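Working notes, beginning with the structure itself.
The figures here come from the full heavy-atom set of this structure, side chains too, leaving out hydrogens, waters and symmetry mates. If you read the sequence from its start, that first residue is 1, and numbering goes on from there. Nothing here was measured: the structure is a model prediction, and the numbers come from that model.
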Amino acid sequence: MPFSRTASLLAIYPHITPRDRLLLQLLDDHQVLTTGQIHRMLFIARRTCQLRLNELAALDLVERFRFSRVGGGSQPWHWTLGHNGHRFQAAAHERPEPTPRTSNQTVQRLSANPHLPHLVLANEFFVRLTEHARRHPDTRLDRWWSEHVTTKQYRTITADGHGLWTAGPVTMGFFLEADTGSEPLGRLVAKLDRYAKLIRRGGPQYPVLFWLGTEQREEHLHRQLPGQHTAVPVATSVHASEPAARVWLPRGATGRVELAELPSDHGQPVADNPNYDDDGVFVL
């Protein structure tokens, strides 16, 4: 039975499981996930995932939308926080409670955002790492920062996301540049300037991962990389690949390596490096 958008949240609490709380936090952090992405991260059976999402929608904890496909059919459902989901997250993080109008506007703006496919693509990268970690207990995604959080924490860069990935004894960091093919390659290369400045300030020397749509575009990008901000580690792969696997081609290399094999330095314990606390201790 649907719950009122103005009912007390206390009436909803008995219906919220720990997995639901994790999903609400993911949607709060990353705005939107498709049914398939949620299934691969949090569920075993797709049908169970679909039924639970519909139950959460009846509680107004999540909201969904989708568009038609070119040539017929529909895109997958895209899920975001519903009004009660926004209220729950606001209470959990001591933020002002949103009004129904504010929550509705947030969903409408997200659904109409022309950059929505790019956001879903960037989230897909991290979803695949999360899915990989579910199957391989010796790996884990320790950090998944959205573009907004990455920009807030590192200030001068505008990566599509940032993560810390652990495989066995190795914990490495990376910055993601998820490419939809809409930008000239020269503009992608120009982004390395900000990463170079971050390194010079004592920030992390993490590989910049260009995740490209086609092998042809990947090849063309490598032709433009020589001599461009060589202090910045760069590696490329394509959307069809599994990010944790041996699919990354570093700048100037002839063979591909696993994500955890890419060079990575957490930087210096300087004031504007979020990898370290006030005592200079590395923190996840």
Side-chain angles (χ1 to χ4, degrees), residues 121-133 135-147 150 153-154 157-179 185 188-215 217-268 273-276 282-284:
L121 176 66
N123 286 348
E124 174 66 18
F125 184 91
F126 291 92
V127 168
R128 292 188 191 181
L129 289 179
T130 303
E131 182 184 16
H132 180 93
R135 302 193 309 266
H136 300 83
D138 61 332
T139 65
R140 65 180 182 271
L141 182 61
D142 293 305
R143 181 187 291 172
W144 172 6
W145 284 356
S146 65
E147 177 182 0
T150 302
Q153 292 289 341
Y154 287 107
I157 63 172
T158 55
D160 296 323
H162 159 58
L164 290 179
W165 175 249
T166 293
V170 176
T171 296
M172 57 85 65
F174 62 85
F175 294 114
L176 174 66
E177 293 287 348
D179 176 55
L185 291 176
L188 297 185
V189 175
K191 294 181 178 181
L192 297 179
D193 179 64
R194 294 190 176 188
Y195 293 103
K197 291 178 180 177
L198 177 65
I199 293 170
R200 289 196 294 269
R201 295 201 321 267
Q205 195 172 13
Y206 290 152
V208 178
L209 306 181
F210 287 105
W211 204 38
L212 305 152
T214 66
E215 293 180 356
R217 189 164 169 84
E218 181 185 28
E219 179 183 350
H220 291 168
L221 178 61
H222 274 276
R223 292 177 184 174
Q224 298 195 27
L225 287 175
Q228 301 292 325
H229 299 291
T230 54
V232 182
V234 176
T236 64
S237 188
V238 295
H239 298 168
S241 64
E242 291 300 323
R246 191 175 298 278
V247 297
W248 294 102
L249 183 63
R251 181 209 311 247
T254 57
R256 297 185 184 267
V257 299
E258 294 182 5
L259 179 60
E261 295 174 328
L262 291 171
S264 173
D265 188 301
H266 300 300
Q268 304 300 315
N273 188 346
N275 286 327
Y276 298 90
F282 180 77
V283 292
L284 293 177

Check for a donor-acceptor pair, side chain of Asp160 on one end and backbone N or O of Ala178 on the other, with a separation under 3.5 Å.
yes
Applying the side-chain contact (heavy atoms from CB on, under 4.5 Å) test to Leu188, which of Val208, Thr236, Asp179 qualifies?
Asp179
Nearest heavy-atom neighbours spanning Lys191 and Glu177:
NZ-OE1, 3.2 Å
Report yes if some heavy atom in the side chain of Trp165 is under 4.5 Å from a heavy atom in the side chain of Leu262; otherwise report no.
no
Quick check: are there more than 12 heavy atoms from other residues, nucleotides or ligands sitting under 6.0 Å from CD of Glu242?
yes
Show the nearest heavy-atom pair for residues Thr150 and Ala159, with the distance to one decimal.
CG2-CB, 4.2 Å
Can you tell me how far apart CG (Leu249) and NE2 (His222) are? Round to the nearest 0.5 Å.
4.0 Å
Show the nearest heavy-atom pair for residues Gln224 and Leu185, with the distance to one decimal.
NE2-CB, 3.5 Å
Hey, does the Lys NZ or Arg CZ of Arg143 hover above the aromatic six-ring of Trp145, less than 6.0 Å from the centre and inside 45° of the axis?
yes
Donor-acceptor under 3.5 Å (Ser237 side chain, Val247 main chain):
yes
Any donor-acceptor N/O pair, Tyr276 side chain to Gly267 backbone, under 3.5 Å:
yes
Per ring-ring contact (aromatic ring centres under 6.0 Å, His included), Phe174 is matched among Trp211, Trp144, Phe125 by Phe125
Are Val234 and Leu225 close enough that some pair of their side-chain heavy atoms sits under 4.5 Å apart?
yes
Would you check if Leu259 and Leu129 make a side-chain contact, meaning some heavy-atom pair closer than 4.5 Å?
yes
Output, in order, the C-alpha distance, side-chain angles, deciding distance and verdict of side-chain contact (heavy atoms from CB on, under 4.5 Å) for Met172 and Leu164.
CA-CA 6 Å; Met172 57 85 65; Leu164 290 179; over 6 Å; no
Taking the side chain as every heavy atom from C-beta outward, state whether His239 and Leu121 have any pair of such atoms under 4.5 Å apart.
yes
In this structure, NE2 of His229 is separated from CZ of Arg251 (nearest 0.5 Å) by 9.0 Å
Nearest 0.5 angstrom please: Asn123 CG to Arg128 CZ, how far?
12.5 Å
How would you list, by chain and number, every residue that makes a salt bridge (charged side-chain N to carboxylate O under 4.0 Å, His left out) with Asp265, sequence neighbours excluded?
none
On a heavy-atom basis, the closest approach of Leu221 and Leu212 is CD2-CD1, 3.9 Å
Ring pair (Phe, Tyr, Trp, His ring centres under 6.0 Å) with His136: which residues, sequence neighbours excluded?
His132
Report yes if some heavy atom in the side chain of Pro250 is under 4.5 Å from a heavy atom in the side chain of Val257; otherwise report no.
yes
Answer yes or no: is there a side-chain heavy-atom contact under 4.5 Å between Asn275 and Val283?
no
Of the non-hydrogen atoms in Pro204 and Phe175, which two are nearest, and what is the gap between them?
CG-CZ, 4.2 Å
Looking at Ser264 and Gly173, would you say the former's side chain and the latter's main chain have a donor-acceptor pair under 3.5 Å?
yes
Does some side-chain heavy atom of Leu192 sit less than 4.5 Å from a side-chain heavy atom of Phe210?
yes
Salt bridge check: are Arg256 and Glu218 linked by an N-O gap of less than 4.0 Å?
yes
Looking at every non-hydrogen atom in both residues, tell me the closest pair between Ala231 and Gln205 and how far apart they are.
O-NE2, 2.6 Å
Ser146 OG to Gln153 CD distance, which is reported to the nearest 0.5 Å:
10.0 Å
Check: Gln228 main-chain N/O paired with Asp193 side-chain donor or acceptor under 3.5 Å:
no
Does the ring centre of His162 sit less than 6.0 Å away from the ring centre of Tyr154?
yes
Spatial distance of atom OG1 (Thr166) from atom CZ (Arg140) [nearest 0.5 Å]:
4.0 Å
